[in-house]
Chemist: 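Take a look at this one; I'll ask things after.
Atoms within each ligand, like the ligands themselves, are counted from 1 in listed order.
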Amino acid sequence: MMQAFWILDSYKERKAHFSEHVNHILDQVAQDYCEEIAQLPKVNGSAREHQIMDSLLQFRFVQTEKLPAYSFRIIDNSDKSLKPKQSKSIIFTQILDCKNQTKKSIILSIRDDKIYFISSILGWIILSSLLIIIGIIALFINISFLRRQKKVSRIQSDFIGNMTHELKTPIATISVASEMLMKDKVLDDRTKSKRYSTIIFEENLRLKKLVERVMQIALFENGTMRLKLKETDLHQMIGNSSEAIKMLIEKRDGSITLEMKAKKFNYKVDTTHFSNIITNLLENAIKYSPDNLVIHLSTIDYSEGILIGIADQGMGIAKKHQERIFDRFYRVESGDVQNTQGFGLGLYYVRRVIEAHGGFIKVQSEEGKGSRFEIYIPQL
Ligand code: ADP
């Protein structure tokens with residue numbers, strides 16, 4: 001809007017300046033004309049006058065600047081009926097008062113060509129448009145930066161809340177269990193003291209896992225994580241991970257099946273991180289499934305690489321959450337059920353590790369039916 005006003009304003013100013021300039025030229029042309037006419041023995045009718053005037057006009061104008069289309073007439077001053085009425089032109093009149101000649105006037109009509117006037121400020125228009133576009137882009141960048149900052153600070157406060165909540169439970173449990181263990185009555189009872197020791201051991205394990213996960217993420221975040229790639233038998237690694245987790249599955253009356261179809265299964269991976277991600281995905285499959293769970297692990301050769309599938313028949317993930325579950329701290333609210341507690345860091349870590357290996361992770365899931373996570377790792 002502002003720019004439109006500015007263009008209009010510049011156009012008016014430029015036009016006024018132009019009119020002044022043409023009037024000045026016409027003044028000079030009138031003098032030139034009289035001199036030319038005086039030198040000629042006799043001017044032969046209006047065609048000759050016209051010719052002289054045209055060359056004078058062209059000479060003067062070409063000397064100064066390029067003109068939009070123009071036309072002119074030379075009239076007798078007595079002839080009032082010949083006043084031009086061209087609304088789309090700018091009309092200039094100059095009296096030609098030459099010695100020994102009847103008084104005449106030249107009526108010069110120059111097309112009111114907006115484009116011509118505006119073209120002279122085109123550079124400024126482009127520059128100002130560019131500046132406005134840059135300004136708008138900068139504004140958008142600023143807004144999105146602020147929004148991102150706001151999101152990050154919300155995520156951070158969510159994380160602190162979540163973390164405090166997660167830490168409080170095992171700390172409180174350990175404190176109660178150790179307090180009980182200190183009692184002589186409990187110490188004398190082997191079953192009770194074993195139960196409390198187990199609680200302390202398991203809760204401590206939970207704390208350790210939590211700290212490890214936060215540390216793994218921190219390594220990625222500050223860019224100090226380096227992969228130690230080593231030729232690894234992925235079938236063996238997947239077998240080991242599933243074996244290690246079997247107890248947890250059996251505790252929930254579940255089962256796990258393996259279908260290792262990949263013909264090439266030796267890949268250069270970071271064994272620690274890679275086995276972490278398989279464990280993370282298996283733990284999620286257990287965590288987000290009801291009892292009697294069924295987990296299916298598979299591998300297949302796929303596009304110069306390997307595709308590892310981890311499928312469960314658990315609670316599934318609604319479509320709207322599927323893309324975001326790989327984001328940092330993203331969790332699907334599922335009520336405060338004990339076994340679905342977490343930080344929303346697991347899948348983020350998984351994605352980061354897989355991407356660091358040049359691969360990708362995808363999920364196919366249906367609410368209430370189950371999920372299938374697919375990891376692709378290319379041959380390096
Ligand atoms: P966390 O499990 O700590 O919440 P994750 O990053 O591992 O964090 O997972 C993010 C979210 O994705 C979880 O909150 C959960 O809602 C969903 N999710 C992950 N794995 C599964 C699964 N196998 N079945 C259903 N939902 C899952």
Chemist: Any N or O on M315 sitting closer than 3.5 Å to an N or O of ligand 1?
Modeler: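 No - when backbone and side-chain N and O of M315 are compared with those of ligand 1, no distance drops under 3.5 Å.
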
Chemist: Give a yes/no on ligand 1: does G314 have at least one heavy atom closer than 4.0 angstrom to it?
Modeler: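 G314 does not count as a contact of ligand 1 under the 4.0 Å cut-off.
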
Chemist: Could you tell me which atoms of ligand 1, counted from 1 in the order shown, lie closer than 4.0 angstrom to a heavy atom of G344?
Modeler: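 Within the 4.0 Å cut-off of G344, ligand 1 contributes 1 (P), 3 (O), 4 (O), 6 (O), 8 (O).
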
Chemist: Would you please classify the geometry between the H235 ring and the F265 ring as parallel, tilted or perpendicular, with 30° and 60° separating the classes?
Modeler: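 Judged by the thresholds at 30° and 60°, the geometry between F265 and H235 is parallel.
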
Chemist: Within the structure, does Y348 bring an N/O atom to less than 3.5 angstrom of an N/O atom in ligand 1?
Modeler: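 Among all N and O atoms of Y348, none is under 3.5 Å from an N or O of ligand 1.
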
Chemist: Could you pull out, from D327, V350, V363, I325, the option with a heavy atom nearest to atom 17 (C) of ligand 1?
Modeler: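 Residue with the shortest heavy-atom distance to the ligand atom: I325.
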
Chemist: K287 heavy atoms, cut-off 4.0 Å: which ligand 1 atoms fall inside?
Modeler: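 Checking each atom against K287, I get 1 (P), 2 (O), 3 (O).
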
Chemist: Taking non-hydrogen atoms only, is Y330 closer than 4.0 angstrom to ligand 1 via side chain, backbone, both or neither?
Modeler: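 Only the backbone of Y330 comes within reach of ligand 1.
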
Chemist: If you measure from each non-hydrogen atom of D312 to ligand 1, which part falls under 4.0 Å: side chain, backbone, both or neither?
Modeler: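 D312 to ligand 1: side-chain contact only, backbone stays beyond 4.0 Å.
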
Chemist: Nearest heavy atom to atom 4 (O) of ligand 1 wins, so pick from Q313, E367, R331.
Modeler: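 The residue whose heavy atom sits nearest atom 4 (O) of ligand 1 is R331.
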
Chemist: Using the benzene-type ring in the case of Trp, are the ring centres of Y267 and H357 under 6.0 Å apart?
Modeler: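 No.
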
Chemist: Taking non-hydrogen atoms only, is I317 closer than 4.0 angstrom to ligand 1 via side chain, backbone, both or neither?
Modeler: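 Under 4.0 Å from ligand 1, I317 contributes side-chain atoms alone.
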
Chemist: Under 3.5 Å between any N/O of V332 and any N/O of ligand 1: does that happen in this structure?
Modeler: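 Yes, since at least one N or O of V332 sits under 3.5 Å from an N or O of ligand 1.
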
Chemist: If the cut-off is 4.0 Å to any non-hydrogen atom of L345, which atoms of ligand 1 fall inside it?
Modeler: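 With L345 as reference, the close atoms of ligand 1 come out as 6 (O), 8 (O).
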
Chemist: Assess F373 for proximity to ligand 1: is some non-hydrogen atom of it under 4.0 Å away?
Modeler: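 Contact check F373 vs ligand 1: positive.
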
Chemist: If you group Ile, Leu, Val, Met, Phe, Trp and Tyr whenever their side-chain heavy atoms sit less than 4.5 Å apart, what else falls in with L307?
Modeler: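 Its cluster mates, by chain and number, are I300, Y302, F360, Y376.
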
Chemist: With rounding to the nearest 0.5 Å, note down the distance linking CD1 in I308 to CE in M260.
Modeler: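 It is 8.0 Å, given to the nearest 0.5 Å.
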
Chemist: Does only the side chain of H321 get under 4.0 Å from ligand 1, or the backbone, or both, or neither? Count heavy atoms.
Modeler: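 No part of H321 is near ligand 1 at this cut-off.
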
Chemist: Quick check: are there more than 12 heavy atoms from other residues, nucleotides or ligands sitting under 6.0 Å from NZ of K264?
Modeler: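 Atom NZ in K264 is crowded, with more than 12 foreign heavy atoms closer than 6.0 Å.
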
Chemist: Tell me which pairs pass salt bridge (Lys or Arg N to Asp or Glu O under 4.0 Å) where either residue lies in residues 180-204, with sequence neighbours left out.
Modeler: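 For residues 180-204: E203-R206.
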
Chemist: For residues H296 and S298, determine if any side-chain heavy atom of one lies less than 4.5 Å from a side-chain heavy atom of the other.
Modeler: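 H296 reaches S298 side chain to side chain.
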
Chemist: In terms of side-chain heavy atoms, does D327 have a donor or acceptor partner in Y348 at a distance below 3.5 Å?
Modeler: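 There is no such pair between these side chains.
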
Chemist: Using 30° and 60° as the class boundaries, would you call the ring planes of H21 and H17 parallel, tilted or perpendicular?
Modeler: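 Ring orientation, 0 to 90° scale: parallel.
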
